[in-house]
Amino acid sequence: MTLWNWIALACAMAYATKLIGYSLPERWLTSPYMDSIAGSLTVALLTALTVMNTVAAGPHLAIDARLGALVAAAFALWMRLPFLVVVFIGALACAALRLWF
């Protein structure tokens with residue numbers, strides 16, 4: 001199977017998923033249980049994306065300055081600092097770790 005076949009298959013699956021979503025009864029989509037699932041799924045997907053971008057270097061795992069920057073940014077978030085300050089602390093930590101190691 002070529003790359004274009006895989007892309008076409010992924011497009012068809014995305015379209016089918018969207019079509020199934022439109023065909024569900026409205027009471028299923030407006031229930032508090034579905035709101036909880038949708039919120040949890042969003043957080044899980046964002047967490048997976050963050051972790052993959054932090055510790056992946058191609059097909060290999062890489063523990064480098066990005067992990068330290070993530071820890072520093074997480075600590076800044078835990079301290080409830082403004083988002084711009086969190087980004088600045090993460091960038092500063094990454095730069096310092098890359099300079100040091």
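The shown structure was predicted, so the numbers you read here are calculated from the model rather than taken from an experiment.
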**Q** For Leu81 versus Val85, what's the shortest heavy-atom pair and its separation?
**A** CD1-CG1, 4.0 Å
**Q** Nearest 0.5 Å, please: how far is OG1 in Thr42 from CD1 in Ile37?
**A** 11.5 Å
**Q** Look only at the side chain of Arg98 and the backbone of Asp64, and say whether a donor-acceptor pair between them is shorter than 3.5 Å.
**A** no
**Q** Of all the heavy-atom pairs spanning Ala93 and Gly68, show the shortest one and how long it is.
**A** CB-O, 4.4 Å
**Q** Quick check: closest heavy atoms across Val86 and Ala76, and the distance to 0.1 Å?
**A** CG2-CB, 3.8 Å
**Q** Taking atom CG as the centre, does Leu3 end up with more than 12 heavy-atom neighbours from other residues, nucleotides or ligands that are less than 6.0 angstrom away?
**A** yes
**Q** Looking at CG of Leu41 and OG of Ser36, how far apart are the two atoms once the value is rounded to the nearest 0.5 Å?
**A** 10.5 Å
**Q** Which pairs, with at least one residue in residues 74-98 and sequence neighbours excluded, count as a ring pair (Phe, Tyr, Trp, His ring centres under 6.0 Å)?
**A** Phe75-Trp78
**Q** Other residues, nucleotides and ligands only: do more than 12 of their heavy atoms fall within 6.0 Å of CE on Met52?
**A** no
**Q** State plainly whether one hydrophobic cluster holds both Val43 and Leu49, where clusters connect Ile, Leu, Val, Met, Phe, Trp and Tyr through side-chain heavy atoms under 4.5 angstrom apart.
**A** no
**Q** Same cluster or not: are Ile89 and Leu77 linked, directly or through other Ile, Leu, Val, Met, Phe, Trp or Tyr residues, by side-chain heavy atoms under 4.5 angstrom apart?
**A** yes
**Q** What are the two closest heavy atoms between Met1 and Leu9, and how far apart are they?
**A** CE-CD2, 4.4 Å
**Q** Could you go through Arg66 and Leu70, starting from their C-alpha distance and side-chain angles, then the distance that decides it, and tell me whether this counts as side chain to side chain contact (heavy atoms under 4.5 Å, CB included)?
**A** CA-CA 6 Å; Arg66 295 176 293 177; Leu70 181 66; over 6 Å; no
**Q** Who else is in the cluster with Val51 when I, L, V, M, F, W and Y are joined by side-chain contacts under 4.5 Å?
**A** Val55, Leu61, Ile63, Leu67
